[in-house]
Peer 1: 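Handing you this structure, nothing more for now.
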Amino acid sequence: MYFHEQELQFKATPDKPDAVYARKLQEVLGGQYGEISVALQYQFQAWNMHIPGKYRDMVFGIGAEEMGHVEMLATMIAQLLEKSPLGITEDALQDDPTVAAVVGGTDIQHAIVAGAGARPVDSMGNPWQGSYITASGNLLADFTANENAEMQGRVQAARLYHMTDDHGVRDLLSFLIARDTMHQNMWATAAAELREKGLETMPVPSNFPQHKENQEVNYQYLNFSDGAEAKNGPWASGPSFDGKGEYSYHDGPTTSVPMPPPTHPDSRFYGTTELPNTVEKIAGTVQDKLNKE
């Protein structure tokens, strides 16, 4: 059950409108690592979770908080767009404030599509996609993905902080960056506890029998670059991170096989092959007559 309370978690009021910056701020709203992504990612992870208790409650709670962050950013963007120009198209750029604003960096769909409001898009106007969401049902995999999402989001918010001198915008970003700090630590702590308690460990999924994987390459660094320094890393020798193997280094692949010959699908896919075109046509006609669909 969802209930909307008409108040914000933190103030979201700019000092002054700025349609150009509103477009930039769209990235942390509707981008791959924006608030829409993490809000729905956490909700789907909770819905898909197979274990009751604190992990599920935590993920539900953080997902609800992130939905509040979506609302704060959408509110801020709408206020940044409050004085954005409408304009009537003229021949010359200088006669049209709308075209001039677009050239200056605004998103014209903020006006035409959203009526001076926020949109579920990134800073380039690309629509938010459900494919951004990671919700596998494996908690260590999901919590690690969440940690990355918070890291990427914090990087972007920190960059945006330096792209404005608006105190109101900076106050909101400062709050969101601080929450990203907590969330990074929270997901890292939860992931560590999963490993400590043996609920899930590396390699993920840990309950897949490792004797069924290729034992010759499962802890081997294969160098596919002409860079020479990779062999000096801790991933190239010594005990593996998961404690279940020993790293080794090899310059290039340790296995190779011949490329198989080209495939020859049903002639009615109409792909070009080395067979004469008339032969392909005859084959297709025969297959049709045999009702081989």
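We count residues from 1, following the sequence as given.
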Peer 1: What is the ring orientation for His69 with Phe175, classed by angle as parallel under 30°, tilted 30 to 60°, or perpendicular over 60°?
Peer 2: perpendicular
Peer 1: Quick check for you: to the nearest 0.5 Å, what is the distance between Asp171 atom CG and Thr13 atom OG1?
Peer 2: 10.0 Å
Peer 1: If the test is side chain to side chain contact (heavy atoms under 4.5 Å, CB included), which one of Val28, Asn148, Val38 qualifies with Tyr33?
Peer 2: Asn148
Peer 1: Can you tell me how far the CG atom of Asp122 sits from the CD atom of Gln156, to the nearest 0.5 Å?
Peer 2: 9.5 Å
Peer 1: Can you classify the ring geometry of Trp187 versus Phe143 as parallel (below 30°), tilted (30 to 60°) or perpendicular (above 60°)?
Peer 2: tilted
Peer 1: From Asn138 CG over to His50 NE2, what is the distance, rounded to the nearest 0.5 angstrom?
Peer 2: 8.5 Å
Peer 1: Nearest heavy-atom pair of Pro14 and Met76: which atoms, and what distance?
Peer 2: CD-SD, 3.4 Å
Peer 1: Does any non-hydrogen side-chain atom of Arg179 lie less than 4.5 Å from one of Met186?
Peer 2: no
Peer 1: Just so I know, are the side chains of Pro253 and Phe224 near enough to count as touching, which here means a heavy-atom distance under 4.5 Å?
Peer 2: yes
Peer 1: Less than 4.5 Å apart, any side-chain heavy atom of Leu73 and any of Leu176?
Peer 2: yes
Peer 1: For Gly245, is there any backbone N or O sitting under 3.5 Å from a side-chain donor or acceptor partner on Ser240?
Peer 2: yes
Peer 1: Write down the atom of Asp166, the atom of Val169, and the distance for their closest heavy-atom approach.
Peer 2: OD1-N, 3.0 Å
Peer 1: Treating Ile, Leu, Val, Met, Phe, Trp and Tyr as nodes and any side-chain heavy-atom pair under 4.5 angstrom as an edge, say whether Trp128 and Ile77 lie in one connected cluster.
Peer 2: yes
Peer 1: How far does OG1 of Thr75 sit from CE of Met72, to the nearest 0.5 angstrom?
Peer 2: 9.0 Å
Peer 1: Identify whether Ile36 and Ile133 are in the same connected component of the hydrophobic contact network (ILVMFWY, side-chain heavy atoms under 4.5 Å).
Peer 2: yes
Peer 1: Can you check whether His110 reaches Gln26 side chain to side chain, under 4.5 Å on heavy atoms?
Peer 2: yes
Peer 1: Taking it one step at a time, do Leu25 and Leu173 satisfy side chain to side chain contact (heavy atoms under 4.5 Å, CB included)?
Peer 2: CA-CA 10 Å; Leu25 204 58; Leu173 288 174; 4.1 Å; yes
Peer 1: Evaluate the side-chain proximity of Met163 to Tyr21: yes if any heavy-atom separation is below 4.5 Å, no if none is.
Peer 2: yes
Peer 1: Is a side-chain donor or acceptor of Asn223 paired with a backbone partner of Gly227 at a separation under 3.5 angstrom?
Peer 2: yes
Peer 1: Hey, can you tell me if Phe60 and Trp47 have their rings parallel, tilted or perpendicular (30° and 60° cut-offs)?
Peer 2: perpendicular
Peer 1: Who pairs with Thr181 by side chain to side chain donor-acceptor pair (under 3.5 Å), at least two apart in sequence or on another chain?
Peer 2: Arg154
Peer 1: Please list, chain by chain and in numerical order, all residues satisfying side-chain contact (heavy atoms from CB on, under 4.5 Å) with Gln129, sequence neighbours excluded.
Peer 2: Ser131, Tyr132
Peer 1: Can you check whether His183 reaches Glu147 side chain to side chain, under 4.5 Å on heavy atoms?
Peer 2: no
Peer 1: Is the backbone N or O of Glu200 less than 3.5 Å from a side-chain atom of Ser206, with the two atoms forming a donor-acceptor pair by type?
Peer 2: no
Peer 1: Say whether Phe241 and Phe208 are linked into one hydrophobic cluster, either directly or through other cluster members, by side-chain heavy-atom distances under 4.5 angstrom.
Peer 2: no
Peer 1: Taking all heavy atoms of His4 and all of Glu71, pick out the closest pair and write down the distance.
Peer 2: NE2-OE2, 2.6 Å
Peer 1: Please check if Met58 and Met67 belong to a single hydrophobic cluster, counting links between Ile, Leu, Val, Met, Phe, Trp and Tyr side chain heavy atoms closer than 4.5 Å.
Peer 2: no
Peer 1: Applying side chain to side chain donor-acceptor pair (under 3.5 Å), can you list everything that pairs with Thr254, at least two apart in sequence or on another chain?
Peer 2: Gln220
Peer 1: Working to the nearest 0.5 angstrom, can you tell me the gap between Tyr42 OH and Leu40 CG?
Peer 2: 11.5 Å
Peer 1: Stepwise, does the side chain to side chain donor-acceptor pair (under 3.5 Å) test hold for Glu213 with Gln210?
Peer 2: CA-CA 5 Å; Glu213 69 186 31; Gln210 276 201 270; 2.8 Å; yes
Peer 1: Side chain of Ser37, backbone of Gly31: donor and acceptor closer than 3.5 Å?
Peer 2: yes
Peer 1: Give me the atom names and distance for the closest heavy-atom approach of Gly252 to Leu222.
Peer 2: O-CD2, 3.7 Å
Peer 1: Is Trp235 reaching over with its side chain to a backbone N or O of Ala230, donor-acceptor style, under 3.5 angstrom?
Peer 2: yes
Peer 1: With rounding to the nearest 0.5 Å, note down the distance linking CG in Leu194 to OG1 in Thr144.
Peer 2: 8.5 Å
Peer 1: Can you confirm whether Asp142 sits close enough to Tyr55 that some side-chain heavy atom of one is under 4.5 Å from a side-chain heavy atom of the other?
Peer 2: no
Peer 1: Under 3.5 Å, is there a donor-acceptor pair between the side chain of Asn48 and the main chain of Gly137?
Peer 2: no
Peer 1: Does some side-chain heavy atom of Gln215 sit less than 4.5 Å from a side-chain heavy atom of Asn218?
Peer 2: yes
Peer 1: Has the side chain of Gln45 got a donor or acceptor atom that lies under 3.5 Å from a matching backbone atom of Thr134?
Peer 2: yes
Peer 1: Kindly give the heavy-atom pair with the smallest separation between Pro17 and Lys83, and that separation in Å.
Peer 2: CG-CG, 3.2 Å
Peer 1: Which atoms form the tightest heavy-atom contact between Ser123 and Glu27, and what is the distance?
Peer 2: OG-OE1, 2.6 Å
Peer 1: Report yes or no: does Arg195 contribute a side-chain atom to a donor-acceptor pair with the main-chain N or O of Met202 at less than 3.5 Å?
Peer 2: no
